[in-house]
Amino acid sequence: MSDHAFATRAIHAGQDPDPLTGAIIPPIYQASTHVQDGIGGFRSGYEYNRAGNPTRNSLETQLAALEGGHGALSFASGLAAEDALLRGILRPGDHVLMGNDVYGGTHRLLTKVHAAWGIETSTVELGDVDAARAALRPETKIVWLETPSNPLLKVVDIAKTVELAHAAGALVVVDNTFASPALQNPLALGADIVVHSTTKYLGGHSDVLGGAVIFGDDRFIDQVRFQQFAVGAVSAPMDGWLTTRGIKTLAVRMRQHSVNAQAIAEWAAARPEFETVYYPGLASHPGHEVAAAQMSGFGGMLSLGLASGADAAKAFAESTELFQLAESLGGVESLIGYPPDMTHASVRGTELAVPENVVRLSVGIEDVADLLADLEQGLDRIAH
Ligand SMILES: *Cc1c(COP(=O)(O)O)cnc(C)c1O
């Protein structure tokens with residue numbers, strides 16, 4: 001598959017028709033165990049489904065192909081994937097350096113769970129090369145970055161960060177959830193490992209939780225696969241199948257998400273009600289040039305800072321109709337959220353806190369004129 005373009009790989013990798021019946025879609029192997037032909041006589045290597053399931057394994061083949069990786073592992077959620085990766089690689093005394101607006105749940109996992117096992121974590125403005133260099137320690141094992149970030153859409157130069165981290169002997173892990181592999185491929189820019197919450201754009205239809213770790217080479221996959229097997233936070237067959245189905249339309253969805261978000265960002269930039277528009281597709285965004293160089297589209301996420309403050313932001317988030325008020329992102333339907341009280345409540349009061357006047361939009365693929373009219377009527381409602 002590796003000589004085919006992205007949209008082709010997304011549809012065909014790991015998706016050979018069923019050899020028994022010719023069914024064009026491989027079946028969902030909804031089973032917990034496999035019959036053995038005599039003790040140890042496994043058919044196609046399958047034994048017990050925590051160790052391997054054909055539906056999950058075909059999703060893993062598809063995921064590796066999306067990022068141009070050496071291999072991939074699929075989990076029950078994005079955080080389960082991150083947890084298995086971190087436990088597979090880190091040892092007590094190791095340090096993780098993270099960008100200062102990574103996903104709040106990732107920060108919570110490291111500082112509230114892994115800290116008890118002797119893992120140190122600190123955060124830095126990764127886009128500031130001098131600050132990032134100064135924050136690296138001899139114990140730094142992983143530099144963890146997210147670009148564009150959540151919810152402020154900060155952009156970090158992946159290749160530059162890789163150069164800096166590798167020179168200090170650290171690995172680079174990129175959480176590529178926001179961009180999706182349709183728009184950005186961190187492994188091709190030198191990153192060692194990519195993680196995804198497949199709950200978001202890869203699944204794409206707000207109907208399944210999942211996570212993935214994708215490896216650039218063969219150094220770490222066995223130790224993380226051991227965590228997957230020994231701890232067991234695997235994706236279930238039906239969840240894996242829904243994710244596979246979502247991935248097949250990823251390329252075309254991401255194009256439309258990007259077109260709609262760009263139109264909304266340009267509309268918002270001309271409205272006095274918004275003091276800040278956080279979207280890397282705007283030439284005025286500080287990360288625009290880097291994003292244009294390392295992404296093939298700017299994606300469907302944008303945040304808006306309301307000029308009249310926190311109360312206006314909350315009222316606006318409760319005033320839209322097509323943009324439904326909910327956590328999460330990346331589905332075909334548009335969502336709006338108030339990060340300080342919702343997705344980012346766990347980082348309030350920390351160095352990752354989000355400005356109180358910010359709402360976050362996950363722009364869906366509905367007709368953009370309808371989306372703009374919805375935002376207009378939301379502004380009208382809070383003005384009165
Ligand atoms: C949602 C999300 C996660 C966590 O994934 P879950 O599937 O919710 O466990 C990690 N990183 C980013 C950027 C996310 O948006």
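Basis for what follows: all heavy atoms, side chains included, without hydrogens, waters or symmetry-related copies.
Counting only residues at least two apart or in different chains, salt bridge (charged side-chain N to carboxylate O under 4.0 Å, His left out) contacts with residues 187-201 comprise Asp192-Arg219. Legend: ring pair (Phe, Tyr, Trp, His ring centres under 6.0 Å) pairs involving residues 274-325, not counting sequence neighbours, sorted by first then second residue: Trp267-Phe274, Phe274-Phe316, His288-Phe298. Sorted by first and then second residue, the ring pair (Phe, Tyr, Trp, His ring centres under 6.0 Å) pairs involving residues 8-62 (not counting sequence neighbours) are His34-Tyr46. Listed by first and then second residue, the salt bridge (charged side-chain N to carboxylate O under 4.0 Å, His left out) pairs involving residues 307-318 are Lys314-Asp341 (not counting sequence neighbours). The stretch residues 87-132 participates, sequence neighbours left out, in no ring pair (Phe, Tyr, Trp, His ring centres under 6.0 Å) pair at all. For the salt bridge (charged side-chain N to carboxylate O under 4.0 Å, His left out) condition, the pairs that include at least one residue of residues 67-83, sequence neighbours left out, are Asp83-Arg87.
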Tabulate below the donor-acceptor pairs under 3.5 Å that side-chain atoms of residues 201-214 make, not counting sequence neighbours, or state none.
unit_1: His205; atom_1: ND1; unit_2: Gly203; atom_2: O; d: 3.0
unit_1: Ser206; atom_1: OG; unit_2: Glu333; atom_2: OE2; d: 2.6

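Remark: Arg91 engages no residue in a salt bridge (Lys or Arg N to Asp or Glu O under 4.0 Å) (not counting sequence neighbours). Every residue was checked against the salt bridge (Lys or Arg N to Asp or Glu O under 4.0 Å) condition with Lys141, not counting sequence neighbours, and none meets it. Checked against ring pair (Phe, Tyr, Trp, His ring centres under 6.0 Å), His196 has no partners two or more places apart in sequence or in another chain. Residues passing the side-chain hydrogen bond (donor to acceptor under 3.5 Å, both in side chains) test with Thr33, sequence neighbours excluded: none. Residues passing the salt bridge (Lys or Arg N to Asp or Glu O under 4.0 Å) test with Glu289, sequence neighbours excluded: none.
With hydrogens and angles left out, the side-chain atoms of Arg56 and Asn49 include no donor and acceptor closer than 3.5 Å.
Nearest heavy atom pair, residue Pro151 against residue His344, reads CD-NE2, 3.4 Å.
Taking the ring centre of Phe229 as origin, the terminal cationic atom of Arg50 falls inside the region bounded by 6.0 Å and 45° from the ring axis.
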